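So the structure is just underneath, and the comments pick up after that.
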There are 4 protein chains.
Amino acid sequence: MLHVWLHIDPRSSVPMYQQVVEGVKEAVARGVLNPGDKLPSVRELAMELTINHNTVAKAYQELEREHVIEVIRGRGTFIATEPDIPDLSVRVRELKEEMVRWIVEAHHLHLSDEELVELFQTVLREWREGRETL
Amino acid sequence: MLHVWLHIDPRSSVPMYQQVVEGVKEAVARGVLNPGDKLPSVRELAMELTINHNTVAKAYQELEREHVIEVIRGRGTFIATEPDIPDLSVRVRELKEEMVRWIVEAHHLHLSDEELVELFQTVLREWREGRETL
Amino acid sequence: MLHVWLHIDPRSSVPMYQQVVEGVKEAVARGVLNPGDKLPSVRELAMELTINHNTVAKAYQELEREHVIEVIRGRGTFIATEPDIPDLSVRVRELKEEMVRWIVEAHHLHLSDEELVELFQTVLREWREGRETL
Amino acid sequence: MLHVWLHIDPRSSVPMYQQVVEGVKEAVARGVLNPGDKLPSVRELAMELTINHNTVAKAYQELEREHVIEVIRGRGTFIATEPDIPDLSVRVRELKEEMVRWIVEAHHLHLSDEELVELFQTVLREWREGRETL
DNA sequence: GTGGTCTAGACCACT
DNA sequence: GTGGTCTAGACCACG
């Protein structure tokens, strides 16, 4: 069985292990992976993505740290059932900072505020639809 | 004259040269810097921020590549007047990809789509007000 | 009869066999299990906890090594009556090392020495009360 | 210059990278390392401890995650100036759980509650004195 | 020079 | 079988 919900670009400047992290989080957000679902083993996924197992292991450790997955020793790795967010306020602040970066970038692309809001809503809508389709 | 529109945090995980890039772009977006304005020389700015001049030079190169500034040999560096963005579609696409990543992240914080839009509009409004004040 | 004095969390990072060890030791310390009491067989307990019997067997071996239980061939497993601890000084030293590690950890949470002692006495008092209740 | 504040036992069952983490934290708690102090580089420390640089790197990353140290790219690693504890309540609960384990262990070593409290206070006092001496 | 990432291949503890 | 750790040696971005 192939895990089509994950694609890695080894030439990207974003680290491969982080692409795995984001890929899993996106799959969860899209409902492709659901609480309790078993993830492929470290070595299985590494084989399939043709990357080293250490890279996958690092990604899984990061995902566990963020409470996205749960590791049961000797049994495997699973999507977490109870999502825990201890430092929500910190992360919301980070999200807001990233939005400011959008606003700045949009200005340099000669997008008006209205166009930017519209762009955001379009992306959000498309994402929502893509998620329902899957 | 001090360039209060730029603050660098050497502790941040985002590279210092990129902080300079973003700082200049934000100053332009806020209207603190306007087309034709002269930027401090590489060495001047490096001195003021107490960072290496190579770092500032790298930031200026990046800003020139993005058509935010124009370097006129023997005269200095200026905020660009040219409004054309050659690779606009590429950069809009990158912006959209950033937004998707952001949406995924927000999903894991259990924020609803409505809260996301509201959050964005709040940030946008605050930013707009901050810009008028400056 | 159900052995309500033992609860295992397969998600925990602490090995399941060790959770069994600690669970039995805690039951003894609380007076839920007393010298001479018969423990369930390896397979019985494994069934009840829905874990592998190898895991329970490993726990029983460890408990026997620590002189907490005694295995009498053909009769079963019992809480030990023998109060001698051959390697007592070693184990006290280990306990002290754990305490040092704990103190270092607490230091990083900015707890004062007085708060530490108070915290410990609170936990001890609560535990003593919990033990009487059971 | 030798960093006598760190000793690693490669034969211990606790991972070497974690021994480094604990060693640095202890040095900070003891006042051997102070905010702003520069840590040896990843490769320097690895050489000195005769372990792989990846192991030290992993330890440093963990320490940064816990806000014990700060990494300034291209410059080095430093003891953090502003200690941040986002999830204090969680960690205090963990500390309390470890204390329960002491109590259980003490019972099996035939230590009375009074002897246990005394043991804890002795360890704490010794640690405090050791810290002043250094 | 710094830390960060990745590979290849090994060994270990746990189930 | 699972994930976790470690080594050896490589390459990269950053300052």
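The sequence lines fix the lettering, A, B, ..., with proteins before strands; numbering per chain opens at 1. All heavy atoms count here, side chains included; hydrogens, waters and symmetry mates do not. All values reported here derive from a predicted model rather than from experimental measurement.
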[N] [atom2] sits how many Å from [X] [atom1], rounded?
X	N	atom1	atom2	result
E62(B)	dC14(F)	CD	C1'	14 Å
Y60(D)	dT5(E)	OH	P	16 Å
R11(B)	dG15(F)	CZ	P	15 Å
E70(D)	dT2(E)	CD	C1'	16 Å
E44(A)	dT2(F)	CD	C1'	11 Å
Q19(B)	dC14(F)	CD	P	12 Å
I69(D)	dT2(E)	CD1	P	14 Å
L49(D)	dC6(F)	CG	C1'	14 Å

Pairing of R101(D) and E105(D) as salt bridge, 4.0 angstrom limit: no
Under-4.0 Å salt bridge between E62(A) and R65(A): yes
Passing candidate, side chain to side chain contact (heavy atoms under 4.5 Å, CB included) with L63(B), options E22(B), K58(B), K25(B), E70(B): K25(B)
Passing candidate, side chain to side chain contact (heavy atoms under 4.5 Å, CB included) with V56(D), options I8(D), L39(D), I51(D): I51(D)
Side-chain N,O (Q61(A)) to OP1/OP2 (dG3(F)) below 4.0 Å: no
Phosphate contact (dG1(E) OP1 or OP2) by S41(D) side-chain N/O below 4.0 Å: no
Which nucleotides of DNA chain F pair, in dot-bracket form (Watson-Crick or G-U under 3.5 Å, | meaning another strand): ||||||||||||||.
Sugar-phosphate, base or nothing in reach of I51(C), heavy atoms under 4.0 Å: nothing
Touch class at under 4.0 angstrom, heavy-atom based, for T77(D) against every strand present: sugar-phosphate
Side-chain donor/acceptor of W102(D) to backbone N/O of L95(C), under 3.5 Å: no
Check: V14(D) main-chain N/O paired with Q19(D) side-chain donor or acceptor under 3.5 Å: yes
Heavy-atom check, side chain of W5(B) versus side chain of L33(B), under 4.5 Å: yes
Heavy-atom check, side chain of N34(A) versus side chain of I79(A), under 4.5 Å: no
More than 12 heavy atoms from other groups under 6.0 Å of CZ on R75(D): no
Footprint string (nucleotides 9-15 of chain E, 5' to 3'): B base within contact, S backbone only, - free, heavy atoms under 4.0 Å: BBB--BS
